[in-house]
Amino acid sequence: MNILILGGGGREHALAWAVMQNPKCDKLIVAPGNAGIAAIATCAALDIEDGGAVAQFAEAEAIDMVIVGPEAPLAAGVADRLRDAGLLVFGPSKSAARLEASKSFTKEICYAAKAPTAGYAHFTDLEAAKTYVRAQGAPIVVKADGLAAGKGVIIAETVAQAEAALDDMFGGEFGAAGAEVVIEEFMTGEEASFFVLVDGEAVLPIGTAQDHKRIGEGDTGPNTGGMGAYSPAPVMTDAVTQKALDEIVRPTMAEMARRGMPYQGVLYVGLMIENGQPRLVEYNVRFGDPECQVLMMRLGAQAFDLMHACADGRLEEAQVNWADDHAMTVVLAASGYPGAYQKGTEIKGLEALAADASNMVFHAGTKAEGGKVLANGGRVLNATARGATLQEARDRAYALVDGVDWTDGVHRRDIGWRAL
Ligand code: AMP
Ligand code: GLY
């Protein structure tokens, strides 16, 4: 098969790495890709949020199946456009992608499906929102309704902080994403990410992970896109997993189908677990980044068969071959991230590192120039490894980190501390 992956981060490098191992893959193109992806597949410059342009490119390249990495093309309706063109697509329609693109939509679906989640209220008016916050008290969570690149969530410790967040959001800090606001009850517990494939009807769990969102060790400092992750998540016991499927995932997916917007693709289920009870924090309509890197390392070549069955509506007959293993990824970021950082610094030493079924440095934000690999983003590399235990995966991942020669790079030394 000829396969096109949309995206150019560490998530897409890991997806490309898994797809390339599958003998069903004849040709792989990644758009736009990055320096690491270019070493294993063809990269193409393409506006991946322009469905017409992607469809035209896919036709010219005789593509059979498209795997959509990030949420922006999904929210823009690229999957619909490609399906209309007769392609197999791994990724939900624009209307189903609202599960990530609109927080109030997700809350409404949860309410209709009786899925456990934080209590909430939805506002389009600043004064009404402030009155509600004063009545509820703190801590309380204020969220911009739309896509805000992970920055639209404020955990307010005091009513004054919540009011300030509301002033910012209604004041336009998040653009159109903040014109509507969701205010939620603050949930306590331990967070985990649960990944399932959905083909409109059938639901297939493919793994669990935990990530570290803060920049600093001990989970301190500003939020980032994720500084590291590991899989599986110990808090996702069989009982919690079953509850999450029965009480949250299946009822909400049935509600989506009932409303005429069946979900197709990977569903990222963000959960808060307390006393064995999972509650939904959020849905994302794509793989997590860097959670995808640990999932791909554990699934290997079968990941493509699973995504293919999902895109083809054959999930019912698909099966995951679990290995009793663990994986960890450590993010190397440009110093200054998530604030201002430099681009273009040189990264050396990558060729000497192990690159096999248990050790891979995925590229998240790099570019090749004049035979050199240059940093080209905030999160730049994902040192990823697998082992029989989490400790073994950790030791291998940090051996990769320590082999990278990049003076501008920073990383956390404590990924996985909760589980170790
Ligand atoms: P979201 O973008 O909705 O996933 O929110 C980002 C992060 O904020 C989550 O991963 C949680 O750590 C935290 N968070 C979001 N909603 C809540 C809530 N209702 N209670 C506690 N923490 C939350
Ligand atoms: N690592 C969090 C996310 O991908 O949303």
Side-chain angles (χ1 to χ4, degrees), residues 7 9-12 14-15 69-72 74-75 99-107 110 115-122 133 136 138-157 162 165 169 174 177-178 181-195 207-215 219-220 222-231 233 235 266-274 277-296 329-331 333 338 362 364 378-379 382 384 412 415 418:
R11 167 178 52 207
E12 288 77 22
L15 288 168
E71 64 277 16
L74 296 166
L99 285 176
E100 177 164 358
S102 167
K103 295 189 191 292
S104 58
F105 174 76
T106 302
K107 297 303 271 190
C110 283
T117 183
Y120 80 107
H122 174 220
V133 160
Q136 294 293 311
I140 195 157
V141 182
V142 179
K143 300 184 176 185
D145 187 69
L147 291 178
K151 298 190 184 80
V153 175
I154 308 294
I155 312 280
E157 311 280 348
M169 283 182 195
F174 299 102
V181 164
V182 166
I183 302 178
E184 284 184 13
E185 163 202 357
F186 174 74
M187 294 188 285
T188 52
E190 189 168 350
E191 275 188 86
S193 308
F194 180 32
F195 295 88
T208 63
Q210 267 167 312
D211 80 338
H212 294 267
K213 288 201 169 71
R214 307 296 196 93
I215 186 73
D219 294 320
T220 55
N223 260 322
T224 70
M227 292 302 291
Y230 52 98
S231 172
V235 66
V266 62
L267 186 68
Y268 168 142
V269 185
L271 297 170
M272 185 75 81
I273 299 120
E274 192 172 42
Q277 178 64 50
R279 290 206 278 170
L280 186 73
V281 177
E282 61 163 348
Y283 276 143
N284 291 313
V285 299
R286 49 169 176 85
F287 281 110
D289 188 346
E291 293 91 328
C292 185
Q293 288 79 316
V294 286
L295 292 177
M296 291 305 123
T329 188
V330 180
V331 172
F362 294 119
R379 292 187 295 170
N382 310 138
T384 312
R412 283 178 56 169
I415 301 304
R418 252 178 244 279

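Computed from a prediction, not measured in an experiment: that's the story for all the values here. When a ligand or atom number is given, it counts from 1 through the structure's own listing order. Side chains included, hydrogens not; waters and symmetry mates left out as well; all remaining heavy atoms used.
Ligand-side atoms of ligand 1 in range of Val281: 9 (C), 15 (C), 16 (N), range being under 4.0 angstrom from any heavy atom. Each of the atoms 4 (O) of ligand 2 lies under 4.0 Å from some heavy atom of Gly288. Near Ile155, the atoms of ligand 1 lying under 4.0 angstrom from a non-hydrogen atom of the residue are 8 (O), 13 (C), 14 (N), 22 (N), 23 (C). Residue contact check: Glu185 has heavy atoms under 4.0 Å from atoms 18 (C), 19 (N), 20 (N) of ligand 1. Short contacts between ligand 2 and Glu291, defined as distances under 4.0 Å to a heavy atom of the residue, involve ligand atoms 1 (N), 2 (C), 4 (O). Proximity to Val153 (heavy-atom distance under 4.0 Å) selects the following atoms of ligand 1: 1 (P), 2 (O), 3 (O), 5 (O), 8 (O). Taking every heavy atom of Phe186 and a limit of under 4.0 angstrom, the matching atoms of ligand 1 come to 20 (N), 21 (C). The distance from ligand 1 to the heavy atoms of Ala118 drops below 4.0 Å at these ligand atoms: 19 (N). Close contacts of ligand 1 with Lys103, meaning ligand atoms under 4.0 Å from a residue heavy atom, involve 2 (O), 3 (O). For ligand 2, the atoms lying closer than 4.0 Å to a non-hydrogen atom of Asp211 are 1 (N), 2 (C). Annotation for ligand 1: atoms under 4.0 Å from non-hydrogen atoms of Lys213 are 10 (O).
No donor-acceptor distance shorter than 3.5 angstrom exists from the side chain of Gln277 to the backbone of Glu274, with no hydrogens or angles considered. For the pair Thr224 (side chain) and Lys213 (backbone), a donor-acceptor distance under 3.5 Å is present. Formation of a donor-acceptor pair under 3.5 Å by the Arg11 side chain with backbone atoms of Phe287 is found in this model. Judged purely by atom type and a 3.5 angstrom limit, Thr329 has no side-chain atom pairing as donor or acceptor with the backbone of Val294. Within the 3.5 Å criterion, the main-chain N or O of Gly225 finds a donor-acceptor partner in the side chain of Arg379. Here the side chain of Ser231 pairs a donor or acceptor atom with the backbone of Thr208 at under 3.5 angstrom.
A donor-acceptor contact closer than 3.5 angstrom is absent between the side chains of Thr106 and Glu282. Side-chain atoms of Asp145 and Ser104 form a donor-acceptor pair, as typed in the model, at a separation below 3.5 Å. At a cut-off of 3.5 Å, with distance as the only test, no side-chain donor of Glu100 or Tyr283 sits close to an acceptor on the other residue.
The residue Thr188 has no part lying near ligand 1, judged by heavy-atom distances below 4.0 Å. Of all the heavy atoms of Glu191, the ones lying under 4.0 Å from any atom of ligand 1 belong exclusively to the side chain. Counting heavy atoms closer than 4.0 Å to ligand 2, residue Phe287 contributes nothing at all.
In terms of polar-atom proximity, Met187 is counted as a contact of ligand 1, with an N or O under 3.5 Å from an N or O of the ligand. In terms of polar-atom proximity, defined here as any N/O pair under 3.5 Å, Lys213 makes no such contact with ligand 2. The shortest N/O to N/O separation between Gly225 and ligand 2 falls below 3.5 Å.
For atom 15 (C) of ligand 1, the candidate residues are Glu100, Met272, Lys143; the nearest heavy-atom contact is made by Lys143.
Of the candidates His122, Glu184, Lys107, Lys143 forms a side chain to side chain contact (heavy atoms under 4.5 Å, CB included) with just one, namely Glu184. For the pairing with Gln210, the side chain to side chain donor-acceptor pair (under 3.5 Å) check across Glu190, Glu191, Glu291, Arg418 returns one residue only, Glu190.
Gly226 does not count as a contact of ligand 2, since none of its heavy atoms falls under 4.0 Å from the ligand. At least one heavy atom of Arg286 sits under 4.0 Å from some atom of ligand 2.
The minimum heavy-atom distance between Ala229 and Ile415, with the atom names listed, is N-CG2, 3.9 Å.
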